[in-house]
Amino acid sequence: MVKGFSKLSKSAKIEWLIDIYFNGDVGARETLENYWHSDEKLQKIHDEFTENTVTNFYLPMGVAPNFLINGKEYAVPMVTEESSVVAAAAKSAGFWADKGGFKATVKSTTKIGHVHFLWKGQDKKALAEFVEGIKDKFYTETEGITKNMRNRGGGILGIELVDKTVDVPHYYQLEAEFETCDSMGANFINSCLEKFADVLKEEIAQTSLSPNEVEIVMCILSNFTPKCIVRVEVSFPIEQMVEGTEMSAEAFAERFTTAVRIAETQPYRAVTHNKGIMNGIDSVILATGNDFRAIEASAHAYASKDGQYTSLTHADMSDGQFKFWIEVPLALGTVGGITGLHPMVKFAHRLMGKPSAAELMMISAAVGLAQNFAALKSLTTTGIQQGHMKMHLLNILNQLEATEEEKKIIVKHFIKNTPHHAEVVEAFKKVRGGEVLT
Ligand code: MEV
């Protein structure tokens, strides 16, 4: 056990780690230091994003160009460690750009938060009347917090008392809805909720309700955002489904639609299917400094909103048209958080023309749909390993510390075959040993 670790200087923290966990290995210290930024000011910004920082952790940022969304073209920044993801998004984007691109709509942008409280009285009607009677106070007492947001067109949209005593004894909620414009809004919502709780406590104390007190359990926004929804769709004549497959367009469209139907009905498949969608969405969320944990949690909750976990995308073939769409909750921000601080995040926003939060919802969902299209196309035609292993080949070769020349020879050797890890290692050993690959 270490006491006061957070109070140690960065250097002392590293010293302690190296002593205890790396047997004093200076190489481990060098590894950490190699990833420090040479610009001390910039390094300090990174150090202060979180606590106990000892170094930076790099992930690659790729770019998927040619995303045509509602007639506007975007080059989308994607941060991911997974090979094939950026290539797949870019390939789908190009495929659809030729067919009119993505049609996107933000259906709603409402976010929700709760004051969770206990009231041990019997007269529920009186409680409801009391909350109704003090509603204005919730608004007036939060005016200082909501002023800027109201100026931007947002604020508190509504506050309701919800009786949850069937689930937990004496448990009620103040359920509040918010519009947070271009910010994700977590701080704004939580500040409002905590003020609502104060108002509730102060006001009930002045009534004849029995008891005239509540116990506040907690005040917090919900990351489940089923009222902050974006829909993105592609559609085109079925005969255009041919590109890159050996099947007829009709047969491919049918197999593709069946694959989506499987994800819609089978949770085992749906989870993997949605994971592929999130490969795309998360990479944009990371690049733009948004909270991928919140987005993941909400997307999966939304996928099970009707009682069974299902696919976030859907497909349809009718009247000679192939239609493929996604509907997903995405509570995103383009201001606040680290959006104005992290140089790469700032770059990502600039690259997309500084989108509004609603625009970013459309871009992210389009990338998710593109990702899913690419995955299903591979899965239902060549199989996923062909493309994946080719991309993975370089990772394996880098791990083996192959030289550029060795990489060139081995990549060329596997151009027509799908390599597995063991085959790559074997080929590498041969090339290193001076053998010619046959
Ligand atoms: C791999 O990261 C994602 C896929 O498994 C998605 C899918 O199966 O649809 C390829």
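Only heavy atoms go into these numbers, but all of them, side chains included; no hydrogens, no water, no symmetry mates. Remember, it's 1-based here, ligands and their atoms both numbered in the order they're listed.
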Suppose I only count heavy atoms of Leu379 and a 4.0 Å limit; which atoms of ligand 1 are within that range?
7 (C), 8 (O), 9 (O)

Would you say that Gln371 contacts Ser92 through its side chain, given a criterion of any heavy-atom pair below 4.5 Å between the two side chains?
no

Testing Glu264, Lys323, Arg261 for side chain to side chain donor-acceptor pair (under 3.5 Å) with His314, which one passes?
Glu264

Please say whether Arg269 places an N or O atom under 3.5 Å from an N or O atom belonging to ligand 1.
yes

Please work out, at 4.0 Å between heavy atoms, whether the side chain, the backbone, both, or neither of Asn372 comes within that distance of ligand 1.
neither

Against heavy atoms of Glu82, which atoms of ligand 1 measure under 4.0 Å?
1 (C), 2 (O)

Knowing that exactly one of Ile277, Val284, Asn372 qualifies, which makes a side chain to side chain contact (heavy atoms under 4.5 Å, CB included) with Val367?
Val284

Restricting to pairs with a member in residues 47-66, which pass salt bridge (charged side-chain N to carboxylate O under 4.0 Å, His left out), not counting sequence neighbours?
Lys10-Asp47, Lys44-Glu48

What atoms of ligand 1 come within less than 4.0 Å of a heavy atom belonging to Thr272?
5 (O), 6 (C), 7 (C), 8 (O), 9 (O)

Enumerate the atoms of ligand 1 whose separation from the nearest heavy atom of Ala375 is less than 4.0 angstrom.
9 (O)

Please list, in number order, the atoms of ligand 1 under 4.0 Å from a heavy atom of Asn279.
1 (C), 2 (O), 3 (C)

For residues 14-26, dump all side-chain donor-acceptor pairs below 3.5 Å to protein atoms at least two apart in sequence or in another chain.
from  : atom 1 : to    : atom 2 : distance (Å)
Glu15 : OE1    : Arg29 : NH2    : 2.4
Asp25 : OD1    : Gly27 : N      : 2.8

Which atoms from ligand 1 have a heavy atom of Lys275 less than 4.0 Å away?
1 (C), 2 (O)

Under the 3.5 angstrom rule, does the side chain of Thr257 hit a backbone N or O of Ala315 as a donor-acceptor pair?
no

Which bit of Leu376 gets closer than 4.0 Å to ligand 1, counting heavy atoms only: side chain, backbone, both or neither?
neither

Check whether any N or O atom of His273, backbone or side chain, sits under 3.5 Å from an N or O atom of ligand 1, and answer yes or no.
no

Any carboxylate oxygen within less than 4.0 angstrom of a Lys/Arg side-chain nitrogen, looking at Asp291 and Arg293?
yes

